[in-house]
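For reference, positions follow the sequence shown, starting with 1.
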Amino acid sequence: MGKKPLEALTEPMFYVLMAFLRQERCGTEAAEFIAAKTRGRVRLGPGTLYTILGKFEEEGLLQEVSVLGRKRTYRLTEKGRALYREELERLRACVADGDSEDCEEVQA
């Protein structure tokens with residue numbers, strides 16, 4: 001049985017969606033946002049970044065809004081925003097589960 005596309009996002013995918021939450025950006029601006037947001041913990045090389053951008057555009061999560069030479073600017077679609085929210089809730093549940101286990105271990 002095949003995996004459902006984008007069932008759970010990788011960390012770089014999650015941050016790419018986050019980069020487009022508040023404004024339209026090109027790939028370079030998204031990479032800069034991610035590096036700054038994560039204080040350098042998550043850095044996306046061009047190959048990874050543009051593969052994710054292409055996949056997200058193909059899946060209807062991002063929409064290309066302008067092209068100036070090689071610079072392509074994208075915006076997050078409602079489908080992309082919904083997937084971001086779903087992933088955020090999934091991650092919050094994971095953290096809550098981990099926190100509850102950590103607290104139980106300390107109390108034992």
Would you be so kind as to tabulate the donor-acceptor pairs closer than 3.5 Å made by side chains of residues 15-24, with sequence neighbours excluded?
unit_1, atom_1, unit_2, atom_2, d
Tyr15, OH, Arg41, NH2, 3.1
Glu24, OE2, Arg75, NE, 3.1
Glu24, OE2, Arg75, NH2, 2.9

Show me the donor-acceptor pairs within less than 3.5 Å that the side chains of residues 26-37 make with the rest of the protein, sequence neighbours left out.
unit_1, atom_1, unit_2, atom_2, d
Glu29, OE1, Cys26, N, 2.8

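Put simply, CE on Met13 and CG on Leu61 are 9.0 Å apart, with the number rounded to the nearest 0.5 Å. In this structure, CZ in Arg25 is found 11.0 Å from OG1 in Thr73, a value given to the nearest 0.5 Å. In this structure, CD on Glu64 lies 7.5 Å from OG on Ser66, to the nearest 0.5 angstrom. Interatomic distance, NZ of Lys79 versus CZ of Phe56, reported as 11.0 Å (0.5 Å rounding).
When every heavy atom of Tyr74 is checked against every heavy atom of Glu57, the shortest pair comes out as CE2-OE1, 3.8 Å. For the residue pair Leu9 and Arg90, the shortest heavy atom distance occurs at O-NH2, 4.3 Å.
A salt bridge links Glu59 to Lys55: one of the charged nitrogens lies within less than 4.0 Å of a carboxylate oxygen.
For Glu78, there are no side chain to side chain donor-acceptor pair (under 3.5 Å) partners, not counting sequence neighbours.
Here the side chains of Leu91 and Glu87 are in contact, with some heavy-atom distance below 4.5 Å. No side-chain heavy atom of Phe14 sits less than 4.5 Å from a side-chain heavy atom of Thr10.
Within 6.0 Å of the CZ atom in Arg81, the count of heavy atoms belonging to other residues, nucleotides or ligands exceeds 12.
The main-chain N or O of Leu44 is never found under 3.5 Å from a side-chain atom of Thr48 such that the two would form a donor-acceptor pair. Here the side chain of Thr77 pairs no donor or acceptor atom with the backbone of Gln63 at under 3.5 angstrom.
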